[in-house]
Number of protein chains: 2
Amino acid sequence: MRGIRQLAKHLDISIGTVSRALNGKPDVNEETRKRVLAAAEELGYVANQSGRSLRQGTTNVIGLMIESSKETVENSDNFFLGLTGGLQSVLARHKLDLVMLPCPSDEDPHEYVKRMVARRVVDAMILSATQRIDKRIDFLAKAKIPFIALGRSSSGGNYTWIDLDFEGVAACAVDRLVAKGHRRIAIAAPSNDVNLGYVFVEAYRRSLERHGIEYDPALVIRVKSSEQGGYQAGHELVRLEPRPTAIILIYELMAIGLYRRMVEAGVVPGRDLAVIGFREEPRARFLQPTLTCFRMSLRDLGVELAETLLATMPAYAEFYPKGARSTIWPLELVAGESDAFSLDA
Amino acid sequence: MRGIRQLAKHLDISIGTVSRALNGKPDVNEETRKRVLAAAEELGYVANQSGRSLRQGTTNVIGLMIESSKETVENSDNFFLGLTGGLQSVLARHKLDLVMLPCPSDEDPHEYVKRMVARRVVDAMILSATQRIDKRIDFLAKAKIPFIALGRSSSGGNYTWIDLDFEGVAACAVDRLVAKGHRRIAIAAPSNDVNLGYVFVEAYRRSLERHGIEYDPALVIRVKSSEQGGYQAGHELVRLEPRPTAIILIYELMAIGLYRRMVEAGVVPGRDLAVIGFREEPRARFLQPTLTCFRMSLRDLGVELAETLLATMPAYAEFYPKGARSTIWPLELVAGESDAFSLDA
DNA sequence: GTGGCACACCAAAACGTTTCCGGAAAGAAC
DNA sequence: GTTCTTTCCGGAAACGTTTTGGTGTGCCAC
């Protein structure tokens, strides 16, 4: 019951053969393999991961890093848990396990990553919440630890990432609003330090210019990606003169706070102000008027992340001939009532 | 070639001494210890966890198990991520790491736990979402793997748990409503299979009887713990004759759906119907009228969980002389507008 | 000078696996 | 009958760490 040695003795076979049998290696009689598997099942033998890891220098565990800052906790709405289903469905094919690694808010994410890989807790990492300059990426790339980032970054040179289609979303939102007659379109986004903030606002700017509308920095409202941030964005919005007729929110949660501020100011969303949110969040689903936003499948994204990550790992690359291509993940428009009215009417 | 051996060679000391120096063992000169620590820092040496685990049969990792079912993903609202801060602050004292283990929705939680401990991925586990009959608990108790459960269960005999104060919450809610003149008080709860559903409704029943109000099974509405469940509860509620004047919700999220159904039915929460929610959820915070509910600190709960778990582990028990007591975790009432009106007025 | 003792260190033995290497047995080819 | 393959298996060497038992110093007391 304890160890492969016991199992071998019980079968009266050498431990080498038992190991080969269990791991599907050649050089073992099919008859013997069956006996071994049956005995393992019967005695409830499961290989000790420490021994295996030590020998082959690999842990068979993939880490999904999560920043457990207060902001993430309050605003991410199980984004990561939604990812795990897709991730695991792929990893399970290779008997890999997934663990979520919550980086304590008082520890430097860079140090945390270093510690986790140096201690050999995981073989590879999935990063998220990338910064424009991200030391974690530089470190992992230099140390040649397989990883994939959910989000682009200026760091790390030529690494593999998957990122949401901010350009597409911003362009779609602007197109929609312009088609309804809007010209003064505000945007609420986090600061440029967060990669998302930078990329999104740039895409918004290009989309405007494509329509011949001049980009006005005053219409870019920098706030936190939260309900409170949305309230604050609303506060800034009503003080703009003339008041914008539309606003694009980079996080849907902002809509909750924005709506509240609008009600206070006597501005009716969906009638006096067109609103488009970005990523659909469960807790914004009930808003009245319903919010126009963009949807994606977290599960599918998880699958893509896992497959692309495995493609970067020599041991698994053969199974994923598509290779480790960085990709832009598309989102689907969900039309709501919040931007349904036309300005010309 | 890297590893403790190289460090030892670099210092011209035996590896045994290096190991003892790093781990704060006695039998090593303070002068030598300093040199070792300095060299380790300089060369960026971090002990290989696999080797260490193999030798001492312990992984120094604690697992927080999460059911990643669709329902959890949609409704738990980062409950677990909120816990990690408190957990880690305690575990860090002993150089223990925390990983979150999301059980795939298509795998039996019992098998998952077995696999994780048999593979020696973690030393101990924190369980949640306990069932009234929970095979995981029976297994861990029998295998003598340290664990703690967030939630009581009928399984496992004498194990250590921490559970929310459902009795206190139910009693407080009933007391409040009765004091305002309510007699027909409904409750929305999940089925009795979920331990929470069972315990909560029992507490509700006893509280009613304490006030001399007859318990009416028709007022117990069994629905899912979700927004949709709340909507459905509202649907059932308006069909009851005579209509209850108050309702207690076991999950605050239900309030969102309930409010929606009430609006449809022309019933105004906070005027025609008193509503009390249970655990404060971020995404219900904006409701109008504001919801009376119960609050707790996830961080503090995390600390308590970790300390109690460590108290059950021989290697750490000495640091937690309070011992491994099961405890009831209190919640604090947050009075809102949803039950402010008095029935007699 | 001898015994006892604390100190600081070294060498080697574990821990449970996987994997390399060699070799026995059984045929096959000549 | 010899040589050569093929098929299967056993022995033993790793992997990096902690821990045990042993050893050589000094120092003190007698």
Side-chain angles (χ1 to χ4, degrees), chain A residues 1-37 39-40 43-61 94-97 115 117-121 123 315, chain B residues 1-37 39-40 43-61 94-97 115 117-121 123 315:
Chain A
M1 135 150 135
R2 191 159 205 76
I4 200 174
R5 212 172 314 252
Q6 189 94 352
L7 189 57
K9 192 186 288 182
H10 176 259
L11 286 161
D12 202 28
I13 297 184
S14 81
I15 58 175
T17 304
V18 173
S19 173
R20 279 190 311 258
L22 289 173
N23 293 348
K25 293 289 165 69
D27 264 26
V28 43
N29 189 309
E30 270 317 310
E31 172 66 22
T32 315
R33 190 189 303 278
K34 269 186 196 155
R35 278 198 338 157
V36 171
L37 290 175
L43 300 185
Y45 169 80
V46 181
N48 177 313
Q49 185 60 38
S50 306
R52 154 179 292 177
S53 295
L54 178 58
R55 168 64 221 216
Q56 49 187 26
T58 186
T59 67
N60 293 345
V61 176
H94 307 283
K95 294 187 191 293
L96 293 169
D97 274 313
R115 200 157 56 85
V117 305
R119 279 184 68 174
R120 301 269 193 290
V121 174
D123 285 344
Chain B
M1 184 44 64
R2 73 167 149 283
I4 201 174
R5 212 175 314 256
Q6 175 159 9
L7 189 58
K9 192 185 288 182
H10 178 259
L11 286 161
D12 202 28
I13 297 184
S14 81
I15 58 176
T17 304
V18 174
S19 172
R20 269 174 293 126
L22 289 172
N23 294 348
K25 294 288 166 70
D27 260 27
V28 43
N29 188 309
E30 270 316 310
E31 172 67 22
T32 316
R33 189 190 303 276
K34 271 186 194 155
R35 276 187 31 207
V36 171
L37 289 175
L43 301 185
Y45 168 80
V46 182
N48 177 313
Q49 186 59 39
S50 306
R52 157 179 291 177
S53 295
L54 178 57
R55 170 64 223 212
Q56 51 186 25
T58 185
T59 67
N60 292 345
V61 176
H94 307 284
K95 295 189 190 293
L96 294 170
D97 274 313
R115 200 157 56 85
V117 305
R119 279 184 67 174
R120 301 269 192 290
V121 174
D123 285 345

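The structure presented is a predicted model; accordingly, all values stated were derived computationally and were not measured. Proteins get letters first, then strands, A, B, ... in listed order; numbering begins at 1 in each.
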| query | From B/Q6 CD over to B/Y45 OH, what is the distance, rounded to the nearest 0.5 angstrom? | reply |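 Result: 11.0 Å between the selected atoms.
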Partners meeting side-chain contact (heavy atoms from CB on, under 4.5 Å) with [X] (sequence neighbours left out):
{"X": "B/D27", "result": "B/R20"}
{"X": "B/L54", "result": "A/S50, A/L54"}
{"X": "A/I13", "result": "A/L11, A/T17, A/V18, A/T32, A/R35, A/V36"}

| request: Answer yes or no: is there a side-chain heavy-atom contact under 4.5 Å between B/L96 and B/V61? | output: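 A side-chain contact under 4.5 Å is absent here.
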| request: Side-chain contact test, heavy atoms from C-beta onward, threshold under 4.5 Å: evaluate it for A/K95 versus A/N60 and give yes or no. | output: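 No, every pair of side-chain atoms sits at 4.5 Å or beyond.
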| said: Does anything in residues 24-31 of chain B come within less than 4.0 Å of DNA chain C? Heavy atoms only, and list the residues if so. | reply: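 Within this stretch, B/D27, B/V28, B/N29 sit under 4.0 Å of the strand.
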| field | Contact residues, residues 46-56 of chain A to DNA chain C [heavy atom, < 4.0 Å] | value |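 Of all residues in residues 46-56 of chain A, the ones placing a heavy atom under 4.0 Å from DNA chain C are A/A47, A/N48, A/G51, A/R52, A/R55, A/Q56.
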| message | Just to verify, what does B/D123 make a side-chain hydrogen bond (donor to acceptor under 3.5 Å, both in side chains) with, not counting sequence neighbours? | response |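 B/D123 satisfies side-chain hydrogen bond (donor to acceptor under 3.5 Å, both in side chains) with B/T58, B/T59 once adjacent residues are dropped.
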| query | If you find the nucleotide of DNA chain C closest to B/S14 and the one closest to A/S19, which residue's nucleotide is nearer the 5' end? | reply |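 The residue closer to the strand's 5' end, by nearest nucleotide, is B/S14.
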| said: Among A/R55, A/Q56, A/Q49, which residue satisfies the side-chain hydrogen bond (donor to acceptor under 3.5 Å, both in side chains) criterion with A/S53? | reply: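 Looking at A/R55, A/Q56, A/Q49, the match for A/S53 under the side-chain hydrogen bond (donor to acceptor under 3.5 Å, both in side chains) is A/Q49.
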| field | Angle between terminal axes - the helix from C/dG1-D/dC30 to C/dC30-D/dG1, 5 pairs each end, rounded to 10° | value |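 For the helix from C/dG1-D/dC30 to C/dC30-D/dG1, the axes at opposite ends meet at about 60°.
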| request: Round to a whole Å and report the spacing from CD1 of B/I15 to P of D/dT19. | output: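 Going from CD1 in B/I15 over to P in D/dT19 covers 13 Å.
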| Contact boundaries on DNA chain C for chain A, cut-off under 4.0 Å to non-hydrogen atoms |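 The contact span of chain A on DNA chain C goes from C/dG16 to C/dC20.
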| said: Using every non-hydrogen atom in the two residues, find where B/V28 and B/A21 come nearest and quote the distance to one decimal. | reply: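 Heavy atoms only, the tightest pair is CG2-CB, 4.1 Å.
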| said: Going by the rule salt bridge (charged side-chain N to carboxylate O under 4.0 Å, His left out), which residues pair with A/R115 if we only count those two or more places apart in sequence or in a different chain? | reply: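 By the salt bridge (charged side-chain N to carboxylate O under 4.0 Å, His left out) rule, A/R115 matches A/E107, B/D97.
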| message | So, using salt bridge (charged side-chain N to carboxylate O under 4.0 Å, His left out) as the criterion, who are the partners of B/R33 when residues are at least two apart? | response |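 Counting only residues at least two positions away or on another chain, B/R33 forms a salt bridge (charged side-chain N to carboxylate O under 4.0 Å, His left out) with B/E30.
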| query | Who pairs with A/H10 by ring-ring contact (aromatic ring centres under 6.0 Å, His included), at least two apart in sequence or on another chain? | reply |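 For A/H10, no residue satisfies ring-ring contact (aromatic ring centres under 6.0 Å, His included) once neighbours in sequence are set aside.
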